[in-house]
Amino acid sequence: MVSGKETKLTEQGEAGAREAGGKARAAAPTSGHPPGVAETRDRPLDTAKAHDRPLGAAKTRGRPRSFDRETALEKAILAFWERGYEATSVSDLTRAMDIGAPSLYAAFGDKRSLFEEVVRVYSSRYAAFADHALAESPTSRDAVERTLREAAGAYTEPDRPHGCLIAHAAINCTTPEVATSLRDRRNATIAAFEGRIEEDIAAGALPAGTDAGALARHTGAMIQGMSQQARDGASREELEALVEIAMAIWPRT
């Protein structure tokens, strides 16, 4: 026979066990996985992958570029070449490049950064003839004549804007940094011609009294003037006629 005291103890023990069991069931995950680990099998695939990605992975990787950068850059070259720096707005650029403003800023930076890249690429792709002439011609006279004749052709090509981008972009430019950069490029070309002329004076290929600085600046004026003449509609033949006059006054020993 069980005493009343023993019965009471037994009932208290069973109640405690039931309470502990209920707490354990409430704490245990229903999926059978350890606490804190979700059951990816029960979630849609894309949700599971998003959960399993490292934090910030998608942001670091970014969206793939939806346009060809080189093609867009070439279109920017043509836009600046046609309108100059100040007259070409960001809206003009995005329309010409066929991209949105966020894509332009992400790929090229701001308008000024894009223009700086445009000038570098333009100089090597379309305006390197002066550098080649200076490096490959036997005399300064030959270098100047070759430069002017190639400029006559380059500035009047039918499938692109006429004239020189570097000369045209400086017109009405009110951004000091851009104006200074373009001026420095033009002056560097004049300085390169002056250096070759001085070499020829020292070698006796030009008269000793030749003013190398003035002759080089005359060459620079011809290049820039031919650029504007081309934009005003002068043909290649008309520009080549100017080359004949320019070379006719070239000093001789």
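Numbering of residues begins at 1 and proceeds along the displayed sequence.
Not counting sequence neighbours, the partners of R196 by the salt bridge (charged side-chain N to carboxylate O under 4.0 Å, His left out) test are E199. In this structure R252 satisfies the side chain to side chain contact (heavy atoms under 4.5 Å, CB included) test together with R141, sequence neighbours excluded. Under the side-chain hydrogen bond (donor to acceptor under 3.5 Å, both in side chains) criterion, R186 pairs with no residue, sequence neighbours left out. Applying the side chain to side chain contact (heavy atoms under 4.5 Å, CB included) test to A202 and every residue at least two apart in sequence or in another chain returns nothing. For E86, the salt bridge (charged side-chain N to carboxylate O under 4.0 Å, His left out) criterion is met by no residue, not counting sequence neighbours. The side chain to side chain contact (heavy atoms under 4.5 Å, CB included) test applied to R217 returns N187, I190, not counting sequence neighbours. For the salt bridge (charged side-chain N to carboxylate O under 4.0 Å, His left out) test, residues two or more places apart in sequence or in another chain that qualify with R95 are D92. With sequence neighbours left out, the salt bridge (charged side-chain N to carboxylate O under 4.0 Å, His left out) criterion links E244 to R149.
Using a distance-only test at 3.5 Å, with no hydrogens or angles considered, no donor-acceptor pair links the side chain of T180 to the main chain of E177. Between the side chain of Y85 and the backbone N or O of F115 there is no donor-acceptor pair closer than 3.5 Å. Within the 3.5 Å criterion, the main-chain N or O of H162 finds a donor-acceptor partner in the side chain of R231.
With hydrogens and angles left out, the side-chain atoms of R112 and T175 include no donor and acceptor closer than 3.5 Å.
Note on residues 207-216: no pairs pass salt bridge (Lys or Arg N to Asp or Glu O under 4.0 Å), not counting sequence neighbours. Pairs engaging residues 156-165 under the salt bridge (Lys or Arg N to Asp or Glu O under 4.0 Å) rule: none recorded [sequence neighbours left out].
Around atom CG of D184, more than 12 heavy atoms belonging to other residues, nucleotides or ligands sit under 6.0 Å away.
The distance from atom CG of D68 to atom CG of D98, rounded to the nearest 0.5 Å, is 12.0 Å. Rounding to the nearest 0.5 Å gives a distance of 8.5 Å between OG of S235 and CD of E240. A distance of 8.5 Å separates CG of L93 from CD1 of I99, quoted to the nearest 0.5 Å. Between I166 atom CD1 and R183 atom CZ the span is 14.0 Å, to the nearest 0.5 Å.
The shortest side-chain heavy-atom distance between E150 and H132 does not fall under the 4.5 Å cut-off. The shortest side-chain heavy-atom distance between S181 and E116 does not fall under the 4.5 Å cut-off. F108 has its side chain out of reach of V118: every pair of non-hydrogen atoms, C-beta onward, lies at least 4.5 Å apart.
At a threshold of 4.5 Å between side-chain heavy atoms, the hydrophobic network of Ile, Leu, Val, Met, Phe, Trp and Tyr places V90 and F67 in one connected group.
Here the shortest heavy-atom pairing between P176 and T174 reads CD-O, 3.3 Å. Taking every heavy atom of both residues into account, M97 and L114 meet most closely at SD-CD2, 4.1 Å. Considering every non-hydrogen atom in both A179 and C173, the closest pair reads N-SG, 3.8 Å. Across T156 and A230, no two heavy atoms sit closer than the pair CG2-CB, 4.1 Å. S137 and A133 make their closest contact through OG-O, 2.7 Å (heavy atoms, listed as atom of the first residue, atom of the second, distance).
Through chains of ILVMFWY side-chain contacts below 4.5 Å, V144 is grouped with F129, L134, L148, Y155, F193, I197, I201, L206, L215, M222, I223, M226, L239, L242, V243, M247, W250.
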Which pairs would a plain distance check flag for residues 72-84, meaning a side-chain donor or acceptor within less than 3.5 Å of a matching protein atom at least two apart in sequence or in another chain?
unit_1 : atom_1 : unit_2 : atom_2 : d
E74    : OE1    : R125   : NH1    : 2.5
E74    : OE1    : Y126   : OH     : 3.4
E74    : OE2    : Y126   : OH     : 2.4
W81    : NE1    : G163   : O      : 3.0

